[in-house]
2 protein chains.
Amino acid sequence: MTVICSTGVHDKHDVYALQCPCRDVLDLLANKWAALAIGALEDGPVRFGELQRRLQGISPKVLTNTLRRLEDSGFINREIYAEVPLRVEYSLTDLGHSVSAPLSGLRSWVEAHLHEIS
Amino acid sequence: MTVICSTGVHDKHDVYALQCPCRDVLDLLANKWAALAIGALEDGPVRFGELQRRLQGISPKVLTNTLRRLEDSGFINREIYAEVPLRVEYSLTDLGHSVSAPLSGLRSWVEAHLHEIS
DNA sequence: CAGCATCCCGTGTGATACTG
DNA sequence: CAGTATCACACGGGATGCTG
């Protein structure tokens with residue numbers, strides 16, 4: 001088992017302790033849309049409307065919430081172009097790109113084991 | 001980008017479509033405790049009480065809910081030993097073990113990038 | 001010991017309509 | 001186009017007490 005929290009954890013089983021900061025990250029990523037939104041941005045900047053099209057079924061409000069949370073945590077950038085019509089592009093930060101790797105791993109696993117899941 | 005859903009998806013951006021079955025798995029894993037519970041079982045069978053100790057802060061009810069969901073989805077086994085006192089052991093199935101790999105990847109990433117996250 | 005029963009609450013999610 | 005406003009709701013999660 002890999003020790004998650006290097007700080008103040010001596011018993012390896014305490015890595016799941018309430019105080020473990022990895023909780024925050026898991027909580028952030030562990031919602032219905034965040035992981036998918038990051039995946040949808042892997043190829044480069046995407047506009048709001050296009051994001052909504054890719055994340056089929058998401059409402060504008062929920063998309064906004066998701067993006068704001070990811071932005072506040074430093075995973076994505078929000079660039080506003082004062083054009084007509086208005087253009088807003090979302091893109092992954094370096095941090096966002098780096099987390100997309102393990103997330104891809106998870107999605108690949110899903111693809112590979114889909115048939116085994118009830 | 002890796003195509004997640006091999007079935008009926010031809011536009012690579014539609015992998016995030018509402019019908020994508022990977023949603024179910026993400027929904028299952030994407031709650032507060034499931035990923036951590038799987039991690040807590042990586043080393044072998046664990047009893048209910050020990051699980052509650054490792055997942056510090058979880059209540060019995062929530063732990064039961066989490067375990068039931070994971071059991072129903074085929075990620076863990078529940079073994080009952082009719083002893084006195086009663087003993088119930090939880091362990092990962094093969095499927096559970098296989099998913100713990102990508103989950104470890106995610107947790108490792110958290111460990112490595114913790115300092116970069118606000 | 002390993003849970004179930006019960007009550008409660010916050011919030012994530014959703015549908016729809018509206019605006020700068 | 002890119003959101004915001006509003007209302008509504010199910011569900012995850014928590015606290016406490018009780019049971020086979």
Side-chain angles (χ1 to χ4, degrees), chain A residues 16-20 22-38 40-41 45-73 75-91, chain B residues 16-20 22-38 40-41 45-73 75-91:
Chain A
Y16 305 106
L18 184 64
Q19 298 75 19
C20 175
C22 72
R23 280 282 178 77
D24 303 333
V25 180
L26 278 171
D27 285 352
L28 178 69
L29 264 27
N31 66 59
K32 187 166 184 176
W33 299 103
L36 296 171
I38 290 177
L41 289 172
V46 181
R47 303 178 61 173
F48 187 91
E50 171 66 14
L51 266 179
Q52 191 174 7
R53 195 187 71 81
R54 293 192 189 179
L55 277 56
Q56 202 173 326
I58 196 171
S59 74
K61 191 195 70 171
V62 174
L63 180 54
T64 300
N65 286 348
T66 304
L67 293 171
R68 289 285 183 278
R69 257 176 302 184
L70 290 175
E71 187 189 1
D72 291 344
S73 306
F75 288 101
I76 66 174
N77 283 131
R78 181 168 179 267
E79 200 87 24
I80 308 171
Y81 300 90
E83 304 171 355
V84 179
L86 183 61
R87 181 162 61 103
V88 178
E89 282 192 344
Y90 296 89
S91 57
Chain B
Y16 306 106
L18 185 63
Q19 298 73 21
C20 174
C22 73
R23 279 284 177 75
D24 304 333
V25 180
L26 277 171
D27 284 353
L28 178 70
L29 263 28
N31 66 57
K32 187 166 185 176
W33 299 104
L36 295 171
I38 290 176
L41 289 173
V46 181
R47 302 179 62 175
F48 188 90
E50 171 66 12
L51 266 179
Q52 191 174 7
R53 196 188 70 79
R54 293 191 187 180
L55 277 58
Q56 203 173 322
I58 197 173
S59 73
K61 190 196 71 170
V62 175
L63 179 54
T64 300
N65 285 348
T66 304
L67 292 171
R68 287 287 181 279
R69 257 176 300 179
L70 291 174
E71 187 188 2
D72 291 343
S73 306
F75 288 101
I76 65 175
N77 283 131
R78 182 169 179 268
E79 199 87 25
I80 308 171
Y81 300 90
E83 306 171 354
V84 179
L86 183 60
R87 181 162 61 106
V88 178
E89 281 192 344
Y90 295 90
S91 57

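Lettering of chains follows the sequences in order, A, B, ..., and the numbering in each one begins at 1. In this text the structure is predicted, and so the values were computed from the model without any measurement. In what follows, every heavy atom counts, from backbone to side chain, and hydrogens, waters and symmetry copies are set aside.
- Residue B/Tyr90 is in sugar-phosphate contact alone, with no base atom involved, counting any heavy-atom pair closer than 4.0 Å across all strands shown.
- Considering only side-chain N and O atoms, A/Arg47 lies under 4.0 angstrom from the phosphate OP1 or OP2 of D/dA2.
- Summary of the strand contacts: B/Asn31 and A/Arg87 both lie near DNA chain D, and taking for each the nucleotide with the nearest heavy atom, the more 5' one is attributed to A/Arg87.
- A heavy atom closer than 4.0 Å to some atom of DNA chain C occurs in B/Lys61, B/Thr64, B/Arg68, these being the qualifying members of residues 61-69 of chain B.
- Annotation: side chain of B/Phe75 is not in contact with side chain of B/Leu41 (no heavy-atom distance under 4.5 Å).
- Between B/Arg53 atom CZ and C/dC1 atom P the separation is 14 Å, expressed in whole Å.
- In terms of position along DNA chain C, the nucleotide closest to B/Arg78 lies nearer the 5' end than the nucleotide closest to the other residue of the pair A/Leu86 and B/Arg78.
- Summarising the geometry, the separation between OH on A/Tyr81 and C1' on D/dG3 is reported as 18 Å, rounded to the nearest angstrom.
- Taking atom NZ on A/Lys32 and atom C1' on C/dG14, their separation rounds to 9 Å, with Å as the unit.
- Put simply, the side chain of B/Asn31 reaches to within 4.5 Å of the side chain of B/Arg69, judged on heavy atoms.
- One interatomic measurement links the two molecules: CD1 of B/Ile58 to P of D/dG12, which rounds to 13 Å at whole-angstrom precision.
- Between the CZ atom of B/Phe48 and the P atom of C/dA2 there is a distance of 8 Å, rounded to whole Å.
- Counting heavy atoms from C-beta outward, A/Leu36 and A/Ile58 have side chains that stay 4.5 Å or more apart.
- Taking atom CD of residue B/Glu79 and atom P of nucleotide C/dA2, one finds them 14 Å apart after rounding to whole Å.
- Looking at B/Asp27 and A/Lys32, their side chains come closer than 4.5 Å, going by heavy atoms from C-beta outward.
- Atom-to-atom, CG of B/Asp27 to P of D/dC11 comes out at 12 Å; the value is rounded to the nearest Å.
- A/Glu71 is linked by a side chain to side chain contact (heavy atoms under 4.5 Å, CB included) to A/Arg68, A/Ile76, A/Arg78, counting only residues two or more places apart in sequence or in another chain.
- Side-chain contact between A/Leu51 and A/Leu67 is present, with heavy atoms from C-beta onward closer than 4.5 Å.
- Counting only heavy atoms from C-beta outward, the side chains of B/Tyr90 and B/Leu70 never approach each other to under 4.5 Å.
- Atom CD in A/Glu89 sits roughly 14 Å away from atom P in D/dC1 (whole-Å rounding).
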